[in-house]
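Notes follow the structure.
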There are 2 protein chains.
Amino acid sequence: MVRRTSFEDSDCPVARSVDAIGDWWSLLIVRDAFDGSRRFGEFQRSLGVAKNILSARLRALVAGGVLELVPAADGSAYQEYALTAKGRALFPVIVALRQWGESHFFDDGEPHSELLDRRDGRPLAELRVHAADGRPVAPEETVVAKVPR
Amino acid sequence: MVRRTSFEDSDCPVARSVDAIGDWWSLLIVRDAFDGSRRFGEFQRSLGVAKNILSARLRALVAGGVLELVPAADGSAYQEYALTAKGRALFPVIVALRQWGESHFFDDGEPHSELLDRRDGRPLAELRVHAADGRPVAPEETVVAKVPR
DNA sequence: CGGATTTGGTAGCATGTTGCAACCAGATGT
DNA sequence: ACATCTGGTTGCAACATGCTACCAAATCCG
């Protein structure tokens, strides 16, 4: 994306997040990281993305503090990409996108990969937005407060 | 983004969602729609995006069923873009991105726009991922079930 | 009514980014 | 030692992006 206008100075957190993630490939990389991918080759096989693109995205994610390079768990000289705390904090974003996709882009019975609770093997609960007091809120019940200058 | 490989046939809901949204501009358009923007000009002023890009994105979002064209509320001959039910279902995605941005890209006290509960004026609760039984689950406590062929 | 302005776009063009293929160095396997 | 795997980089063509100019219809304003 040719973007002469970066969002890194925007006062909207959504814009900064979008800017930090970079592009959709990056988000799918993060998804794969949640799913257990750790090595360059794993990401590449899973995503089918060109290696130069993957290389650039991984570097950007590391620079952005979403991933970090750690020594390979198997003791080899290679390195692995691991989610940082900041990267793991993207979990609700991935889950939200996943649930939206499940709800709107698959016919009844059409098979798709699913995110399950490891403990009981059941799908996760639908994400819901709540107010500070725990009451569920719909979009119309919210308001964006413009930044206090 | 030059993407010869579309994700529309992926079995991963995240990939299909990403594909359906299209690009980051589209997501910011949806964010603005949640914030009350309805007209072409409103989106353009708010985003500062080139008109041809905005035009293409709006058309794609309408084609994808995220937005729909409705007669203008003020009775004029113009039309307005309104979120469909499918579009409104993106609310958790936007909120998740917003909260991630708030947590990681603003210094303490740095002003930023905020999403508040209209009823009590307080920020929303932090989104959390729960299992079917209501227990909170961390990423490591989940597993992706590969599609049953 | 008539002219100016706003709204909501489209068209053309330069440029940057994507994505493919080829290549390459170091680590690993045998 | 030799082959292969891993993890990249480089060059290049094609395409999408984004800017500016242009345009038609609707609306405003005197």
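Letters A, B, ... are given to chains in the order of the sequence lines, protein chains preceding strands, and every chain is numbered from 1. What's counted below: heavy atoms across the whole structure, side chains too, no hydrogens, waters or symmetry copies.
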Straight-line distance of R122(A) CZ to E114(A) CD, nearest 0.5 Å: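 Output value for this atom pair is 12.5 Å.
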Inter-residue atom distance C12(B).SG - L115(A).CG, 0.5 Å rounding: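 Nearest 0.5 Å value for the SG-CG distance: 9.5 Å.
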Distance in angstrom units between [X] [atom1] and [N] [atom2], rounded:
{"X": "I29(A)", "N": "dG7(D)", "atom1": "CD1", "atom2": "C1'", "value": "14 Å"}
{"X": "L47(B)", "N": "dG18(D)", "atom1": "CG", "atom2": "P", "value": "12 Å"}
{"X": "L54(A)", "N": "dT10(D)", "atom1": "CG", "atom2": "P", "value": "16 Å"}

Side-chain N or O of W25(A) closer than 4.0 Å to phosphate OP1/OP2 of dT18(C):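 For dT18(C), OP1/OP2 do not have a side-chain N/O of W25(A) under 4.0 Å.
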Phosphate-side-chain proximity, S55(A) and dT9(D), N/O vs OP1/OP2 below 4.0 Å: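 Looking at the OP1 and OP2 atoms of dT9(D), one of them is under 4.0 Å from a side-chain N or O of S55(A).
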Give the nucleotide from the list [options] with an atom nearest to the side chain of [X].
{"X": "Y78(A)", "options": "dG8(C), dC5(D), dG18(D)", "result": "dC5(D)"}
{"X": "K51(A)", "options": "dG18(D), dT9(D), dG8(C)", "result": "dT9(D)"}
{"X": "A77(B)", "options": "dA22(C), dT27(D), dC20(C)", "result": "dT27(D)"}
{"X": "Y81(B)", "options": "dG9(C), dA26(D), dT18(C)", "result": "dG9(C)"}
{"X": "D23(A)", "options": "dT17(D), dT18(C), dG8(D)", "result": "dT18(C)"}

For DNA chain D, the residues among residues 37-46 of chain A that have a non-hydrogen atom under 4.0 Å from it: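 Only R39(A), F40(A), G41(A) qualify.
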Positions of residues 57-64 of chain A (non-hydrogen atom under 4.0 Å from DNA chain D), listed by number: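 DNA chain D contact set from residues 57-64 of chain A: R59(A).
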Option among L90(A), I21(A), D35(A) that satisfies the side chain to side chain contact (heavy atoms under 4.5 Å, CB included) test with V30(A):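 Of all the options given, the one that passes is L90(A).
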R39(B)/D74(B) ion pair, N-O < 4.0 Å: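 Looking at R39(B) and D74(B), the cut-off is met.
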Salt bridge E140(A)-R119(B), side-chain N to carboxylate O under 4.0 Å: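 No salt bridge links E140(A) with R119(B).
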For residues 47-63 of chain A, dump all side-chain donor-acceptor pairs below 3.5 Å to protein atoms at least two apart in sequence or in another chain.
from: S55(A); atom 1: OG; to: R59(A); atom 2: NH2; distance (Å): 3.0
from: R57(A); atom 1: NE; to: D23(A); atom 2: OD1; distance (Å): 3.3
from: R57(A); atom 1: NE; to: D23(A); atom 2: OD2; distance (Å): 2.8

Those residues that, when tested against Q44(B), pass side chain to side chain donor-acceptor pair (under 3.5 Å) (two or more places apart):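 Q44(B) satisfies side chain to side chain donor-acceptor pair (under 3.5 Å) with no residue once adjacent residues are dropped.
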5' priority, DNA chain C, between A56(B) and I53(A) [closest heavy atom]: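 Checking each residue's closest nucleotide, the 5'-ward one belongs to A56(B).
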Heavy-atom closest contact (P92(A) atom, L127(B) atom, distance):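 Closest pair (atom of P92(A), atom of L127(B), distance): CG-O, 4.3 Å.
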Distance-minimising heavy-atom pair for G65(A) and T84(A):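 Reported closest heavy-atom pair: O-OG1, 2.5 Å.
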Ring geometry between F43(B) and Y81(B) (parallel below 30°, tilted from 30 to 60°, perpendicular above 60°):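 If you compare the ring of Y81(B) with that of F43(B), the planes turn out perpendicular.
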N52(A) or Q79(A), whichever maps to the more 5' nucleotide of DNA chain D: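 Nearest-nucleotide comparison on DNA chain D picks Q79(A).
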Over 12 non-hydrogen atoms of neighbours within 6.0 angstrom of CZ in R135(B):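 Enclosed: over 12 neighbouring heavy atoms sit under 6.0 Å from CZ of R135(B).
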Estimated bend of the helix from dC1(C)-dG30(D) to dT30(C)-dA1(D) (axis per five terminal pairs, rounded to 10 degrees):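 It comes to 30° between the two terminal axes.
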Qualifying side chain to side chain donor-acceptor pair (under 3.5 Å) pairs with a residue from residues 87-106 of chain A, counting only residues at least two apart or across chains: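 Residue pairs with at least one partner in residues 87-106 of chain A: R98(A)-S113(A).
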